[in-house]
Structures are given as structure tokens and as C-alpha cells.
Amino acid sequence: MMYSGAVEVGGPADVHELADLMISKVAVGPMNNNAYLLRCRATDEQLLIDAAAEPHTLLTLIGDSGIASVVTTHQHADHWGALREVVDATGARTYAGREDAEGIPVPTDVLVDDGDVIRVGRVELTARHLVGHTPGSIALVYDDPHGHAHVFTGDCLFPGGVGNTHDDPKAFASLLHDVETKIFGELADETWVYPGHGNDTTLGTERPHLAEWRERGW
């Protein structure tokens, strides 16, 4: 089956098979959060992005191999609801953006800044600090040496727009600026986008609408 990125709470994971990395996407919890399990194909080391909810579902997805690390994309509670249980069960190292770590009740082992590299086995993910949805939101970019880039955007970029900035014009301007410069400005149209909720998209699909987003203000 080809990967589509369309998942439902209670349904199976969808798996994107890349040359060096396996990406398993699952939807969990009452807010339909996406969690992503990344596995390095060379070493079998695993990393989880957003232990959002339903610890049993996440631990079943992780399996007996465990995980080395969990990255929380931002401090909103729907993105760390299962973090304590997952960390207790696996002993995983925790990562979060420096400015959001205090808002996450599970201690953060590694404070992440813009440009930091997080590794899962032999695979490298580059963190991009995107300010506006929260002060310390981070996206993770995997620049696949065998193809196009892949970016895990948390709640900063979705199909149809940037994340919620709660009618704050300054926050919206900041988030749109960071997304435009650090994501659209540096990555090609083929880049696959894995958001914190809902379906995936590509930068090429969204790029023509940047001016429209700026005009509408959300």
C-alpha cells in the first residue's frame, strides 16, 4: 500500500517507507493528534514525535524494541498527554524547544534550539524554532539524501495555513515569517509535511497560498 498519511483514531498506523527511515503515523486522543514513530533502518533505533495521548496505543506501536528518545513539538497539553507513561515505560530521553520546556510537566533532558541536530540511529533531524503558535515550537526536518526533504511541523503548519495564533496579530506575523523563511524558504516544493493533526501535505501544495494567508491574517 502506498503511504497517504490519512489516519483515524482507533485505526491502524500508516507507514512511510524511505530508504534510510521508516515513519509510522498514528492518530490518538480526543483532539485527533498525530504521533510519529521514526525508525532508523540501519540500526533499528527509534524516536517518537509527540507522545500525545493513548499511551497503550503508542507503546504498542513502539513495540519491544523501545525508543531512544521522544521529541515534543510544543508545550500544549494535547501533545504530551502520554509523555509520562511512555517515558516511564521506555526510559526514553526527552527533547523540547528551550522556550516551551517549562510548560511541559515531564522534565526535558535536552533543550532544543534552532538548528540543533537530533539523531535517531544514523539519521539526522534538524530542529527549526518557529515562534507564534507557542514561544518554543519546533519543527523537525529530515533531508533525505535519497530523495526530497520531510518536515514534521507540529501545530505550526497544516494543509491550508499556519497554526492557531489566537487572533494575536503579532504572533501570526511571527509564525508566518518563521514558516516562510525557515521552511518554505529553505525547502523544495517536493518536501512532505507531517502536521500535528490531520492529513499530510507538501510545500508545493501550500506555497501558492502564502499571500492569501497573509491577507486573511490567520
Side-chain angles (χ1 to χ4, degrees), residues 2-7 14-25 27 31-36 38 49-50 71-74 76 79 97 99-100 112-118 123-218:
M2 291 291 292
Y3 175 80
S4 70
V7 293
D14 197 8
V15 181
H16 204 167
E17 299 189 20
L18 308 179
D20 295 335
L21 186 68
M22 298 282 284
I23 303 168
S24 298
K25 176 182 181 180
M31 297 186 70
N32 195 35
N33 284 75
N34 295 326
Y36 299 94
L38 280 54
I49 299 175
D50 284 345
V71 179
T72 302
T73 58
H74 63 288
H76 289 161
H79 290 259
E99 292 80 3
D100 269 15
V112 179
D113 295 310
D114 190 60
D116 285 353
V117 172
I118 300 171
V123 170
E124 294 187 347
L125 308 169
T126 301
R128 302 315 316 257
H129 181 205
L130 308 173
V131 181
H133 182 65
T134 66
S137 290
I138 55 172
L140 298 177
V141 178
Y142 170 51
D143 191 3
D144 187 351
H146 307 287
H148 56 75
H150 300 256
V151 56
F152 302 86
T153 56
D155 282 2
C156 288
L157 178 63
F158 295 98
V162 296
N164 190 351
T165 52
H166 309 286
D167 298 319
D168 181 336
K170 289 184 178 180
F172 171 75
S174 174
L175 181 57
L176 185 61
H177 172 269
D178 283 0
V179 166
E180 282 190 294
T181 57
K182 296 180 181 181
I183 303 299
F184 286 96
E186 297 187 2
L187 301 172
D189 283 352
E190 294 78 14
T191 301
W192 197 277
V193 177
Y194 305 82
H197 305 262
N199 292 334
D200 299 355
T201 186
T202 66
L203 292 188
T205 300
E206 307 305 325
R207 194 184 301 273
H209 304 287
L210 286 168
E212 171 192 336
W213 301 350
R214 185 179 299 104
E215 177 68 22
R216 77 188 185 192
W218 56 275

**Item:** Check: T201 and P195 side chains under 4.5 Å, non-hydrogen atoms
**Value:** no
**Request:** Answer whether the closest heavy-atom distance between the side chains of D50 and F152 falls below 4.5 Å.
**Result:** no
**Asked** In terms of the angle between their ring planes, are H76 and H74 parallel, tilted or perpendicular, with boundaries placed at 30° and 60°?
**Response** perpendicular
**Request:** Taking the side chain as every heavy atom from C-beta outward, state whether E17 and Y3 have any pair of such atoms under 4.5 Å apart.
**Result:** no
**Message:** Main chain of T205, side chain of T202: is a donor-acceptor contact present, judged purely on distance under 3.5 Å?
**Reply:** yes
**Selection residues 192-213 - residue pairs positive for salt bridge (charged side-chain N to carboxylate O under 4.0 Å, His left out), sequence neighbours left out** = K25-D200, D189-R207, E212-R216
**Message:** Less than 4.5 Å apart, side chain to side chain, heavy atoms only: is that true for N33 and H79?
**Reply:** yes
**Asked** Does L130 reach the side chain of K182, with side-chain heavy atoms less than 4.5 Å apart?
**Response** yes
**Item:** Under the ring-ring contact (aromatic ring centres under 6.0 Å, His included) test, residues paired with Y142 that sit two or more places apart
**Value:** none
**Fill in**
Taken in chain and number order and not counting sequence neighbours, the residues that satisfy ring-ring contact (aromatic ring centres under 6.0 Å, His included) with F184 are none
**Prompt:** With a 4.5 Å limit on heavy-atom distance, are the side chains of I138 and V71 in contact?
**Reply:** yes
**Request:** Would you mind reporting whether D100 and P135 have side-chain heavy atoms less than 4.5 Å apart?
**Result:** yes
All N/O donor-acceptor pairs, side-chain side in residues 161-172, below 3.5 Å, sequence neighbours left out:
| unit_1 | atom_1 | unit_2 | atom_2 | d |
| --- | --- | --- | --- | --- |
| N164 | OD1 | H166 | N | 2.7 |
| D168 | OD1 | K170 | N | 3.0 |
| D168 | OD1 | A171 | N | 3.2 |

**Asked** Listed by chain and number, what are the side chain to side chain contact (heavy atoms under 4.5 Å, CB included) partners of S4, not counting sequence neighbours?
**Response** A6, D14
**Asked** Got a second to check how far L38's CG is from L140's CG, nearest 0.5 Å?
**Response** 8.5 Å
**Request:** Could you list the residues that satisfy salt bridge (Lys or Arg N to Asp or Glu O under 4.0 Å) with E190, not counting sequence neighbours?
**Result:** none
**Asked** Under a 4.5 Å cut-off applied to non-hydrogen side-chain atoms, are L157 and L175 in contact?
**Response** no
**Asked** What's the shortest heavy-atom distance between P145 and D20, and which atoms?
**Response** CG-OD2, 3.9 Å
